[in-house]
Trainee: 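Before anything else, here's the structure in question.
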Amino acid sequence: FTINLANNSIAPVATQNIATAANGATLTVTEASTPSSRQWYYATVSGGPYTNLIAGATGTTYVPNFATAGTYYVVCVSTFACGTITSNQVQINVVDAPANDLCASATTLTVNAGSIPGNMTGSTFTAPFTKKDVWYTFTASCTGSHTITVAGFSGDIDVELFSGACPASTTTIASAATTAVPEILTANLTSGITYRVRVLAFNAAAEVSTFTIGVDSNNGLTLTNAGSPAAGNVLTNTTAVLFGFEVTPTACTTSYNLSNITITKTGTTTTADLSNVIIYYDADGNGIVNGGESAVSGAGITLANTMNFTLAGQTGLSGVRKYLLVANVSSGATPGRTFTATLTSGNITATTSPSGAVTGTATGNLQTIIAPEVAFSVVSATTVEDGIEYFLQVVSSHTGSHTANIFVSGGSATNGSQYTFVPVTATFAASTTFTTTVTINDNFTCDGNTNAIFGLNANVNCQIGANNALQLTITDDEQ
């Protein structure tokens, strides 16, 4: 039998994708015995004929490098005493390098102009980097957060960000190196500064992938409940702030417009309790309606679980703005009923420049309706039986149209004898203090000390406090 020792093969056999005039992975020929000569060839058609001699390629290794884009099929022909042997072929795909293959030729991105297409195929790398890459550049449009998004790719693409001129080192100011699609990099940048973006192929699949890339400043509004009153009480027969919210533009938002909001309400209040619901711009930011505010929602609307307000004059805005939800609390509102408001980002209609979204939620604190509290200023007092007047005083927590009745509820003294008192209704329209008189009569009788007890009851829209009774001791001056 005959043993044929004349054979050869080249490796690695995987298809290579390289740029014009760029080196590919080294090919190595393995031969069963030492040939008398060898020569590397290529064809432009799979299977040959392999008639294109590669000048100078006569060693056991060959580094693919072609000056013209195209598809090449490389073989090694080894010559033995018994004849020539042609190896297996390896496919080399050669493409022109992308126009932005080098940092110095970076493609310009425009902030907030949308994404543009990109391609890793044919890319190379230069020191100090070790992964194939393409480059982009942009100038930050504002001082604030910017987001670079690379999407629609195959394999694993990473993103690196540099400031200023093309980098001489691998030190970045920010990077995104996950295995996710899209790859998103967010960083706080400075207005007017030029930045360089390196998009690199982390694996072989990414080296031939297309993608899209864009850079956006983070624009929009943040919604919070800053300025909303703390959990507390609202008085009957008043105009009360029930809820507040704050709108804050991002650093890169130059202006914004607010046109409509929808506030949802929970709690037990009804239209019998609250009416004439209005949105105010809180110009002085103090959370109360004190003259520094202006209504921006037109005429007041009826209380409902969902309340929609069309805003007027809220265009071309800048900076932080606070708003208040204000309503009239009826004089007949039921104490103990509650109100809580919520405004979500999805219920505020806004436009920003540059375009952005509203984020956040403003939830108010629980507000509970209460009536003003009325009580005696003291619970006990002493006077002398000598024909003088005692000044009986009742105080209210607030001024208003509420009233309370003062009456004699008991005691050992006799009204009309030891003292004289006519029941009266206390009013607080102009003051929180109401004063009436008790006339102390001297009956010229040694009958000992006596007392009169006075009581309070709510007449209109108020509640009686802890000091709901006053005992007045009348000292007998004949003892």
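Keep in mind that what you see is a predicted model, and the values were worked out from it rather than measured.
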Trainee: Is T224 close to T248 at the side-chain level, that is, under 4.5 Å between some pair of heavy atoms?
Mentor: no
Trainee: Checking side-chain contact (heavy atoms from CB on, under 4.5 Å) against L189, which of L161, V215, T139 comes through?
Mentor: L161
Trainee: In Å and rounded to the nearest 0.5 Å, what is the OG1 to CG distance from T71 to N17?
Mentor: 9.0 Å
Trainee: Not counting sequence neighbours, which residues clear ring-ring contact (aromatic ring centres under 6.0 Å, His included) with Y390? List them please.
Mentor: none
Trainee: Any donor-acceptor pair under 3.5 Å linking the side-chain atoms of N112 with those of S355?
Mentor: no
Trainee: Do S401 and N461 meet the criterion of a side-chain donor-acceptor pair at a distance under 3.5 Å?
Mentor: no
Trainee: Give, for atom NZ of K132 and atom OG1 of T126, the distance between the pair rounded to the nearest 0.5 Å.
Mentor: 13.5 Å
Trainee: To the closest 0.5 Å, what do you measure between CH2 (W135) and OG1 (T137)?
Mentor: 10.0 Å
Trainee: Could you tell me which non-hydrogen atom of Q463 sits nearest to which non-hydrogen atom of A371, and how far apart they are?
Mentor: NE2-O, 2.8 Å
Trainee: Would a distance-only check, ignoring hydrogens and angles, find a side-chain to backbone donor-acceptor pair under 3.5 Å from S217 to N219?
Mentor: no
Trainee: Counting C-beta onward and ignoring hydrogens, is there a side-chain heavy-atom pair between E293 and N286 closer than 4.5 Å?
Mentor: yes
Trainee: Parallel under 30°, tilted from 30 to 60°, perpendicular over 60°: which one fits the rings of F454 and Y419?
Mentor: perpendicular
Trainee: Quick one: does any side-chain atom of D133 pair with a main-chain N or O of R198 as donor and acceptor, under 3.5 Å?
Mentor: no
Trainee: Side-chain contact test, heavy atoms from C-beta onward, threshold under 4.5 Å: evaluate it for N119 versus T210 and give yes or no.
Mentor: yes
Trainee: Tell me yes or no: between the side chains of S417 and N441, is some donor less than 3.5 Å from an acceptor?
Mentor: no
Trainee: Could you check L235 against I370 for side chain to side chain contact (heavy atoms under 4.5 Å, CB included), going step by step and ending with a plain yes or no?
Mentor: CA-CA 5 Å; L235 283 170; I370 63 168; 3.8 Å; yes
Trainee: Enter the distance from Y323:OH to D282:CG here, rounded to the nearest 0.5 Å.
Mentor: 10.5 Å
Trainee: Nearest heavy-atom pair of L223 and F245: which atoms, and what distance?
Mentor: CD1-CD1, 3.8 Å
Trainee: Measuring from atom CG of N225 to atom OG1 of T361, what distance do you get when rounded to the nearest 0.5 angstrom?
Mentor: 10.0 Å
Trainee: What pairs with C462 under disulfide bond (SG atoms under 2.5 Å apart), at least two apart in sequence or on another chain?
Mentor: none
Trainee: Quick one: is the NZ or CZ of R321 closer than 6.0 Å to the six-membered ring centre of Y281, and within 45° of its axis?
Mentor: yes
Trainee: Both conditions, 6.0 Å and 45 degrees, for the charged tip of K265 above the ring of F339: are they met here?
Mentor: no
Trainee: Do the side chains of F211 and V134 get nearer than 4.5 Å, heavy atoms only?
Mentor: yes
Trainee: What is the minimum heavy-atom distance between S396 and H402, and which atoms define it?
Mentor: OG-NE2, 2.8 Å
Trainee: Check whether any side-chain heavy atom of T236 sits under 4.5 Å from a side-chain heavy atom of P372, and report yes or no.
Mentor: yes
Trainee: Report yes or no: does S409 contribute a side-chain atom to a donor-acceptor pair with the main-chain N or O of I453 at less than 3.5 Å?
Mentor: yes
Trainee: Say whether N100 and S105, considering side chains only, have a donor N or O and an acceptor N or O under 3.5 Å apart.
Mentor: no
Trainee: Determine whether a donor-acceptor pair (N or O, by modelled atom type, separation under 3.5 Å) exists between the side chain of T352 and the backbone of P354.
Mentor: yes
Trainee: Can you list the steps and then say if I406 with F376 is a side chain to side chain contact (heavy atoms under 4.5 Å, CB included)?
Mentor: CA-CA 9 Å; I406 309 172; F376 288 111; 4.2 Å; yes
Trainee: Nearest 0.5 Å please: distance from the CZ atom of F309 over to the CD1 atom of I261.
Mentor: 6.0 Å
Trainee: Spell out, as yes or no, whether a donor-acceptor pair under 3.5 Å connects the side chain of D101 to the backbone of T124.
Mentor: yes
Trainee: Kindly give the heavy-atom pair with the smallest separation between G300 and N276, and that separation in Å.
Mentor: CA-OD1, 3.1 Å
Trainee: For the pair D273 and S330, evaluate side chain to side chain contact (heavy atoms under 4.5 Å, CB included) and give the outcome as yes or no after the intermediate values.
Mentor: CA-CA 5 Å; D273 304 305; S330 169; 5.7 Å; no
Trainee: Please check if any side-chain donor atom of T262 sits under 3.5 Å from a side-chain acceptor atom of N308, or the reverse.
Mentor: yes
Trainee: Is it the case that the side chain of Q367 and the backbone of A230 share a donor-acceptor pair, with hydrogens and angles ignored and the cut-off at 3.5 Å?
Mentor: yes
Trainee: Looking at A69 and T20, what are the two nearest heavy atoms and their distance?
Mentor: N-CG2, 3.4 Å
Trainee: Does any part of the side chain of I157, heavy atoms only, come nearer than 4.5 Å to the side chain of L200, both counted from C-beta?
Mentor: no
Trainee: Would T147 and T186 count as a side-chain hydrogen bond (donor to acceptor under 3.5 Å, both in side chains) here? Give the steps.
Mentor: CA-CA 4 Å; T147 298; T186 299; 3.1 Å; yes
Trainee: Would T473 and Q471 count as a side chain to side chain contact (heavy atoms under 4.5 Å, CB included) here? Give the steps.
Mentor: CA-CA 6 Å; T473 299; Q471 179 174 299; 3.9 Å; yes
Trainee: Please check if atom CZ in F129 has more than 12 non-hydrogen atoms from other residues, nucleotides or ligands closer than 6.0 Å.
Mentor: yes
Trainee: Is there a donor-acceptor contact under 3.5 Å from the side chain of T268 to the main chain of T338?
Mentor: yes
Trainee: With distance as the sole test, does N405 use its side chain to make a donor-acceptor pair with the main-chain N or O of N459 at under 3.5 Å?
Mentor: no
Trainee: Using a 3.5 Å distance criterion without hydrogens, assess whether the side chain of T143 forms a donor-acceptor pair with backbone atoms of T190.
Mentor: no
Trainee: Any side-chain heavy atom of F153 sitting closer than 4.5 Å to one from E183?
Mentor: yes
Trainee: Do V394 and L456 come close enough that some side-chain heavy atom pair is under 4.5 Å?
Mentor: yes
Trainee: Using a 3.5 Å distance criterion without hydrogens, assess whether the side chain of T270 forms a donor-acceptor pair with backbone atoms of A272.
Mentor: yes
Trainee: Taking atom types as modelled and ignoring hydrogens, do the side chains of T250 and N218 form a donor-acceptor contact shorter than 3.5 angstrom?
Mentor: no
Trainee: How close do T427 and F434 get, counting heavy atoms only, and between which atoms?
Mentor: N-CD1, 3.6 Å
Trainee: Identify which one of T475, V384, L472 satisfies the side-chain contact (heavy atoms from CB on, under 4.5 Å) criterion when paired with I440.
Mentor: L472
Trainee: Just by distance, no angles: are the side chains of N257 and T351 close enough, under 3.5 Å, to form a donor-acceptor pair?
Mentor: yes
